[in-house]
Amino acid sequence: MERVSHRGRVTAYRRTRPGGVGPTTLYVHGSGATHRVWGRQYAPSGPAHPAVALDLSGHGDSGDIDTEAGTATLDAYADDVVAVAAETDADVLVGNSLGGAIAQWVALEREWTPAAMVLLGTGPELPVFEGLREWLADDWDRAVEFLHERDRLFHDADHEAVARSREQMAAVGQAVTRRDFMTCHHFDVSDRLGEIDVPVLAICGEHDKLTPRAYHETLATEIPSGEVSFVPDAAHLAMVERPDPFNDIVGSFLDDAV
């Protein structure tokens with residue numbers, strides 16, 4: 001892992017194939033995850049290189065922050081992304097779920113603007129089911145179980161993928177994962193999508209119940225240079241569950257957009 005210091009903290013990231021000839025693609029994970037969720041994208045078989053995947057503050061090898069869930073945390077995570085983008089000369093942002101919200105926030109609220117964005121399993125707002133909010137506070141095991149039930153994080157993934165997801169969430173821990181989800185719950189840029197002035201591809205897993213089809217169609221409709229695509233036989237973590245079709249979709253988009 002490489003590291004960049006900014007705003008009194010250290011953000012860790014993994015960079016692969018820095019000598020690649022494509023756009024430098026920066027991957028941003030979602031709630032309760034780490035850079036490892038993008039392992040099949042920053043691998044040599046991924047859609048673009050150089051490739052970079054970071055650990056947001058409080059996740060993986062990155063230092064933590066002391067912020068309340070909501071805009072303060074969203075701002076801090078956006079600063080993580082911008083710092084890594086500057087350090088690696090990133091061109092493209094690819095964000096999943098919370099990572100997609102952060103990508104939108106960067107495009108709207110930061111001076112650095114990516115050349116294109118891919119938004120997977122996300123939307124212009126990300127309300128969290130009341131039961132899950134309660135379990136994240138009071139019944140961690142039930143929250144983790146709920147997220148790993150069919151057609152939430154995964155549609156029909158193999159046991160190894162599900163086990164890795166559970167392990168990552170356990171390592172990130174209850175407090176940070178809850179902060180992530182509550183930041184999603186407070187996120188809403190529905191009335192600002194027209195301000196996003198870069199090509200955007202919204203990708204939805206066909207069976208995703210956490211961020212359903214309508215969220216992605218709204219992104220594609222309301223963002224001036226937006227489009228939408230769907231990954232069959234996948235749910236929220238389509239890049240894990242169906243990496244080959246996901247990578248093909250992203251690669252084709254980047255060929256046209258960047």
Side-chain angles (χ1 to χ4, degrees), residues 1-44 46-67 71-122 168 171-172 176-177 179-180 183-184 187 196 198-201 239-240 247 250 254 257-258:
M1 296 290 284
E2 300 178 60
R3 289 166 173 78
V4 58
S5 297
H6 65 105
R7 298 180 181 270
R9 62 185 184 271
V10 175
T11 298
Y13 61 94
R14 182 177 298 282
R15 175 163 40 181
T16 60
R17 298 183 66 190
V21 297
T24 299
T25 305
L26 174 54
Y27 295 95
V28 188
H29 62 77
S31 300
T34 72
H35 78 281
R36 295 180 183 276
V37 77
W38 298 107
R40 295 291 295 275
Q41 283 68 55
Y42 59 70
H49 293 91
V52 183
L54 86 163
D55 287 337
L56 295 168
S57 290
H59 304 71
D61 290 337
S62 291
D64 205 358
I65 48 177
D66 183 16
T67 57
T71 302
T73 293
L74 188 64
D75 277 332
Y77 289 164
D79 290 339
D80 295 339
V81 170
V82 171
V84 173
E87 192 74 6
T88 61
D89 294 322
D91 302 298
V92 174
L93 285 183
V94 181
N96 170 236
S97 195
L98 169 64
I102 296 164
Q104 293 172 72
W105 198 246
V106 167
L108 291 167
E109 292 289 328
R110 294 297 182 270
E111 291 185 4
W112 176 72
T113 303
M117 299 195 301
V118 177
L119 306 177
L120 166 67
T122 194
Q168 282 190 51
V172 171
V176 172
T177 301
R179 182 179 73 198
D180 289 350
T183 296
C184 287
F187 175 74
I196 297 177
V198 301
V200 172
L201 174 63
M239 73 291 204
V240 175
N247 290 351
V250 172
L254 295 182
V258 181

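Along the sequence shown, residues are numbered consecutively beginning with 1.
If you check the side chains of Ser57 and Asp64, you find no donor sitting under 3.5 Å from an acceptor. Side chain to side chain, His29 and Thr34 fail the donor-acceptor criterion of an N or O pair below 3.5 Å. Looking at Thr73 and Thr67, their side chains do bring a donor and an acceptor atom within 3.5 Å of each other.
For the pair Thr88 (side chain) and Val84 (backbone), a donor-acceptor distance under 3.5 Å is present. Side-chain atoms of Gln41 come within 3.5 Å of backbone atoms of Met239 as a donor-acceptor pair (strictly under, hydrogens ignored). A donor-acceptor contact shorter than 3.5 Å links the side chain of Asn96 to the backbone of Leu120. Here the side chain of Thr122 pairs a donor or acceptor atom with the backbone of Ser97 at under 3.5 angstrom.
Within the 4.5 Å cutoff, the side chain of Glu109 has no heavy atoms near those of the Leu74 side chain. Put simply, the side chain of Tyr27 does not reach to within 4.5 Å of the side chain of Leu54, judged on heavy atoms. At a threshold of 4.5 Å between non-hydrogen side-chain atoms, the residues Pro114 and Val92 do not count as touching. Proximity of Val52 to Thr25: side-chain heavy atoms (C-beta onward) are nowhere separated by under 4.5 Å. Side-chain contact between Asp55 and Met1 is present, with heavy atoms from C-beta onward closer than 4.5 Å. Side-chain contact between Gln168 and Arg36 is present, with heavy atoms from C-beta onward closer than 4.5 Å. Under the 4.5 Å side-chain criterion, counting only non-hydrogen atoms from C-beta, Thr16 is in contact with His49. Within the 4.5 Å cutoff, side-chain heavy atoms of Arg14 are placed close to those of Tyr42.
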Problem set entry | Derivation of the salt bridge (Lys or Arg N to Asp or Glu O under 4.0 Å) call for Arg9 and Asp80 | CA-CA 9 Å; Arg9 62 185 184 271; Asp80 295 339; 3.0 Å; yes
For this session: Could you walk me through whether Val106 and Leu93 pass the side-chain contact (heavy atoms from CB on, under 4.5 Å) test, one step at a time?
Result: CA-CA 10 Å; Val106 167; Leu93 285 183; 4.2 Å; yes
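Looking at Asp75 and Arg110, a side-chain N of the basic residue comes within less than 4.0 Å of a carboxylate O on the acidic one, giving a salt bridge.
In this structure, Leu119 and Ala103 approach most closely via the heavy-atom pair CD2-CB, 3.9 Å. Scanning both residues, Pro199 and Ala115, for their nearest heavy atoms gives CD-O, 3.2 Å. Taking all atoms of both residues into account, the shortest heavy-atom contact from Gly32 to Thr177 is CA-OG1, 3.4 Å. In terms of heavy atoms, Ala12 sits closest to Asp61 at CB-CB, 3.7 Å. Between Val258 and Pro23, the closest heavy-atom pair is CG1-CB, 3.8 Å. Pairing each heavy atom of Gly20 with each of Pro50, the nearest pair is O-CD, 3.6 Å.
Considering CG of Asp79 and CD1 of Ile102, their distance stands at 10.5 Å, rounded to 0.5 Å. Between atom CD1 of residue Ile196 and atom CG of residue Leu108 there is a gap of 4.5 Å, rounded to the nearest 0.5 Å.
Between His59 and Tyr77, the distance from one ring center to the other falls under 6.0 angstrom.
Of the options Asp180, Thr11, Val81, Val176, a side chain to side chain contact (heavy atoms under 4.5 Å, CB included) to Leu56 is made by Val81 and by none of the others.
Classification of the Phe187-Trp105 ring pair by plane angle, with boundaries at 30° and 60°, yields perpendicular.
Within 6.0 Å of CZ in Arg3 there are more than 12 heavy atoms belonging to other residues, nucleotides or ligands.
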